[in-house]
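The next block holds one structure in the form of structure tokens; read it before the comments.
Start at 1 and go down the list; that is how both ligands and their atoms are numbered.
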Amino acid sequence: MLDKINQLVEEIKGLAAQSAEEAEQLRIKYLSKKGLVSQLFDEFKTIPNEQKREVGKVLNVLKTQALDKINELKDGFAASANSEVGTDLTLPGTSSELGSRHPLSIVKNEIVEIFARLGFNVAEGPEIEDDYHVFTALNFPPEHPARDMQDTFFIATNPDVLLRTHTSSVQVRVMEKTQPPIRAIFPGRVFRNEAISARAHCIFHQVEGLYIDENVSFADLKQTLLYFAKEMFGPETKIRLRPSYFPFTEPSAEMDISCSLCGGKGCNVCKYTGWVEILGCGMVDPEVLKASNIDSEKYTGFAFGMGIERITMLKYQIKDIRLFFENDKRFLDQFKSAQI
Ligand code: DAH
């Protein structure tokens with residue numbers, strides 16, 4: 001066996017390769033599981049115990065030599081591949097593919113930018129909330145259906161730890177910490193225990209807006225939202241406010257925009273009405289100001305809340321909300337030119 005080993009040692013010393021592939025072939029020949037060196041290791045198991053010490057030593061030296069030699073050959077080719085000698089510098093380069101921003105991020109950034117032009121700051125709040133900030137401080141009566149197990153995800157069995165069902169909770173967090181004037185928007189993720197369909201999801205995104213100061217009126221709300229609608233959906237866009245109800249605003253309204261697809265003539269997106277609803281809004285209820293220690297005699301304010309998925313679906317004519325969460329590259333690639 002010693003002879004065989006010595007013969008291989010000599011053989012390996014003289015190895016040469018013309019290319020990286022040849023070097024790899026040599027590695028396979030000598031060092032792979034069934035290679036010549038490995039075969040010797042198998043044979044080693046069968047020799048008498050008293051020879052093992054001596055033969056083992058030489059065998060290990062052989063293995064290290066083989067490894068070093070083959071690595072040396074391989075490194076030589078790697079180095080010459082990297083060097084510029086022999087490289088055709090006029091060849092076109094391989095361009096690396098750029099990723100794209102997620103459509104929801106694009107639209108969120110656009111909303112933030114539009115309101116920034118009107119002096120709105122951005123603030124964020126926690127996704128895991130308590131009952132007080134999501135409901136109680138926003139004037140939800142104790143038996144309000146939105147608090148129901150059917151709508152709200154509770155964490156474990158504690159009814160006071162829950163996933164926020166709307167970003168209105170951030171209003172409360174900001175009002176607790178800041179005295180007016182407050183002019184801010186709060187983008188974020190919200191959670192509702194809803195069956196998933198083309199139009200609804202249990203996780204989605206909202207942007208909440210809040211403006212509190214002396215003498216803030218409903219006219220200010222309307223002008224702000226009209227500006228937003230025109231910036232987001234184009235200068236021809238009209239708005240319409242319909243009376244509605246939310247526990248935290250009085251009066252409350254829902255805002256429709258003229259259908260950006262058919263320009264108000266009627267199509268299947270606006271269900272042939274010419275209008276599509278995009279947000280809820282209203283004047284902050286004095287009870288909500290009081291709950292956060294803001295003087296409701298001195299200050300008034302407005303608030304609004306919109307779903308980012310809904311705005312994105314209207315803007316880009318996306319028919320199924322589930323597409324936002326599937327990470328299908330064919331869908332995401334379509335937003336490459338819309339970076340903001
Ligand atoms: N929080 C409401 C929702 O989740 C949206 C909303 C409506 C927010 C009216 C407001 C508002 O600030 O004034 O549907």
**OP:** Please confirm whether Phe246 comes within less than 3.5 Å of ligand 1 when only nitrogen or oxygen atoms on both sides are compared.
**Re:** no
Original post:
At a 4.0 Å threshold, what atoms of ligand 1 neighbour a non-hydrogen atom of Ala303?
Top reply: 12 (O), 13 (O)
Original post:
Any side-chain donor paired with an acceptor under 3.5 Å for Thr136 and Asp131?
Top reply: yes
Original post:
Heavy-atom distance under 4.5 Å between the side chains of Phe154 and Asp160, does that happen here?
Top reply: no
Original post:
Does a side-chain N-to-carboxylate-O contact under 4.0 Å join Glu97 and Lys329?
Top reply: yes
Original post:
Where does the angle between the aromatic ring planes of Phe302 and Phe120 fall among parallel (under 30°), tilted (30 to 60°) and perpendicular (over 60°)?
Top reply: tilted
Original post:
How does Ser168 reach ligand 1, by side chain, by backbone, by both or by neither, if only non-hydrogen atoms under 4.0 Å count?
Top reply: side chain
Subject >> Any N/O pair Thr165/ligand 1 closer than 3.5 Å >> reply: no
Original post:
Are the side chain of Arg147 and the backbone N or O of Pro141 linked by a donor-acceptor pair below 3.5 Å?
Top reply: yes
Original post:
Is the Phe335-His102 ring centre distance short of 6.0 angstrom?
Top reply: no
**OP:** Indicate, with yes or no, if the rings of Phe324 and Phe204 have centres closer together than 6.0 Å.
**Re:** no
Subject >> Per-residue contact class, Phe248 against ligand 1 - non-hydrogen pairs under 4.0 Å >> reply: side chain
Original post:
Looking at Gly305, which atoms of ligand 1 are within less than 4.0 Å of one of its heavy atoms?
Top reply: 6 (C), 8 (C), 10 (C), 12 (O)
Original post:
If you count the atoms of ligand 1 from 1 in the order shown, which ones are under 4.0 Å from a heavy atom of Gln171?
Top reply: 12 (O)
Original post:
More than 12 heavy atoms of other residues, nucleotides or ligands under 6.0 Å from CD1 of Ile196: is that the case?
Top reply: yes
**OP:** Could you find the nearest protein heavy atom to atom 12 (O) of ligand 1 and give me its residue, atom name and distance?
**Re:** Glu208 OE2, 2.6 Å
Original post:
Picking from Phe248, Tyr211, Phe246, Phe115, what satisfies ring pair (Phe, Tyr, Trp, His ring centres under 6.0 Å) with Phe304?
Top reply: Phe115
Original post:
Does ligand 1 have any atom that is closer than 4.0 Å to a heavy atom of Glu254?
Top reply: no
Original post:
Going by the order shown, which atoms of ligand 1 are within less than 4.0 Å of some heavy atom of Thr249?
Top reply: 13 (O)
Subject >> Winner among Met306, Met283, Arg192 once heavy atoms are compared against atom 3 (C) of ligand 1 >> reply: Arg192
**OP:** Could you tell me which atoms of ligand 1, counted from 1 in the order shown, lie closer than 4.0 angstrom to a heavy atom of Gly282?
**Re:** 13 (O)
**OP:** Just jot down the ligand 1 atoms closer than 4.0 angstrom to any heavy atom of Gly280, in number order.
**Re:** 7 (C), 9 (C), 11 (C)
